[in-house]
Number of protein chains: 2
Amino acid sequence: MSAIREYYSITELTREFGVSTRTLRFYEDEGLIHPVRRGRTRLFRPSDRHLLKQILRGKRLGFSISEIQEIIQMYKAPPGEVGQIHLMMKRVEEKRAELRQKRRDIEETLAELDQVEEGCIERLAELGVNT
Amino acid sequence: MSAIREYYSITELTREFGVSTRTLRFYEDEGLIHPVRRGRTRLFRPSDRHLLKQILRGKRLGFSISEIQEIIQMYKAPPGEVGQIHLMMKRVEEKRAELRQKRRDIEETLAELDQVEEGCIERLAELGVNT
DNA sequence: CGTACAATTGACTTTTACGTAAATTCGTGG
DNA sequence: CCACGAATTTACGTAAAAGTCAATTGTACG
């Protein structure tokens, strides 16, 4: 078994997650991740790797980079000021509403795909089940 | 109560769904919808409107136009040839897998946002519940 | 019947999220 | 020490999904 690595190279992460080095540098430019450096070379810590997972998850859900940025900000410690905390809670609730909408969209689409499959099965039956 | 309309104008749909006319024309160019014409003016039938709903649902889930195109194709009657039907069933299963992944992503993100909210509440408690 | 407004077409622009290529720089093994 | 491979920087390119603008064209209506 492998212990938890201290650092990952950029190519290790590109292979693990199927993204390009360009993509990782782009995410750094956009301020989504902050790998440390040894000289000019980027070293990704487990926390960077975890962040990358969250970024890619956001991408799969169709969020833009700036939306992902926003979500990631929320994961960091809550701000110190009461007004800011309430603002964050409002944002959290908005994101949740959006996610629930997406979930409903998924359920609907899945249901329709089930219908499609049924149609296919029926059609196959019509054509004679023997193949 | 309003009966089912026969036709919708382009601006009616843009208002109902919050999209621009450019967008609807773009979808038509891409072959997603096929409104009929009176002269040069587009007339959208209820079926076009329904299609538009499905398109926007796909957009919310982060699917590209061509992916949405693919999904919409599935909703049309299954093909006549056995091989084609099996191919379609395979595609359906692939899409379902993708949607289930998205659903997992949503659950994870929702759980994390719950954590964020809890953190906020705790933080507020620390600062004194009186506000 | 004219005009004002809604809709269309076509062309160009913009934004996002990277891709790609060229030139450069580490650093490690032989 | 030096070559070679891996990583970096800089800069320009591109595809997708519209936005925007200009020039027309219907067409409804007073």
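Just the heavy atoms: all of them, side chains too, but no hydrogens, waters or symmetry mates, feed the values below. In what follows, chains are A, B, ... by sequence order, proteins preceding strands, each numbered from 1.
Taking the nucleotide of DNA chain D with the nearest heavy atom to each of A:Thr41 and A:Arg22, the more 5' of the two is matched to A:Thr41. Both A:Glu12 and B:Tyr27 sit near DNA chain D, but only A:Glu12 has its closest nucleotide nearer the 5' end.
Taking atom CZ on B:Phe63 and atom P on D:dA16, their separation rounds to 17 Å, with Å as the unit. Look at CD on B:Glu30: it is 7 Å from P on D:dA17, rounded to the nearest Å. In this structure, B:Leu43 places its CG atom 10 Å from P of D:dT27, rounding to the nearest Å. When rounded to the nearest whole Å, the span between CD1 of A:Ile10 and C1' of D:dA6 equals 11 Å. Nucleotide D:dT24 holds its C1' atom 7 Å from the CZ atom of B:Arg40, rounded to whole Å. In this entry the distance linking CG of A:Leu24 with P of D:dT9 reads 13 Å, nearest Å. As rounded to whole Å, 17 Å separates atom P of D:dA16 from atom CD1 of B:Ile55. For A:Leu13 and D:dA6, the CG to C1' distance is 15 Å, given to the nearest whole Å.
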Report task. Walk me through it: do B:Tyr75 and A:Glu112 pass the test side chain to side chain donor-acceptor pair (under 3.5 Å)? Result -> CA-CA 8 Å; B:Tyr75 295 157; A:Glu112 287 177 1; 2.6 Å; yes
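Contact annotation for B:Thr21: no contact, since no heavy-atom pair falls under 4.0 Å across all strands. B:Ser66 comes within 4.0 angstrom of no nucleic acid atom, judged by non-hydrogen atoms across all strands.
For CZ of A:Arg37, the number of neighbouring non-hydrogen atoms (other residues, nucleotides, ligands) closer than 6.0 Å is greater than 12. Annotation for A:Arg100: atom CZ counts as buried by contact number, over 12 foreign heavy atoms lying within 6.0 Å.
Side-chain atoms of A:Thr11 lie closest to D:dA7 of the nucleotides D:dT8, D:dA7, D:dA18.
At least one cation-pi condition fails for A:Arg49 and A:Phe44: the charged atom is not both under 6.0 angstrom from the six-membered ring centre and inside a 45 degree cone around its axis.
Remark: the A:Arg25 side chain and the D:dT8 base include no donor-acceptor N/O pair separated by less than 3.5 Å.
Between A:Glu98 and A:Arg103 there is no salt bridge, since none of the side-chain N atoms of the basic residue sits less than 4.0 Å from a carboxylate O of the acidic one.
No continuous path of ILVMFWY side-chain contacts below 4.5 Å connects B:Leu43 to B:Leu32, so the two sit in separate hydrophobic clusters.
Counted by atom type alone, A:Arg57 and A:Gln54 present zero donor-acceptor pairs between their side chains at under 3.5 Å.
In the 5' to 3' direction, nucleotides of DNA chain C lying under 4.0 Å from heavy atoms of chain A begin and end at C:dA17 to C:dT25.
Between B:Lys59 and D:dA17 there is no side-chain N or O to OP1 or OP2 distance below 4.0 Å.
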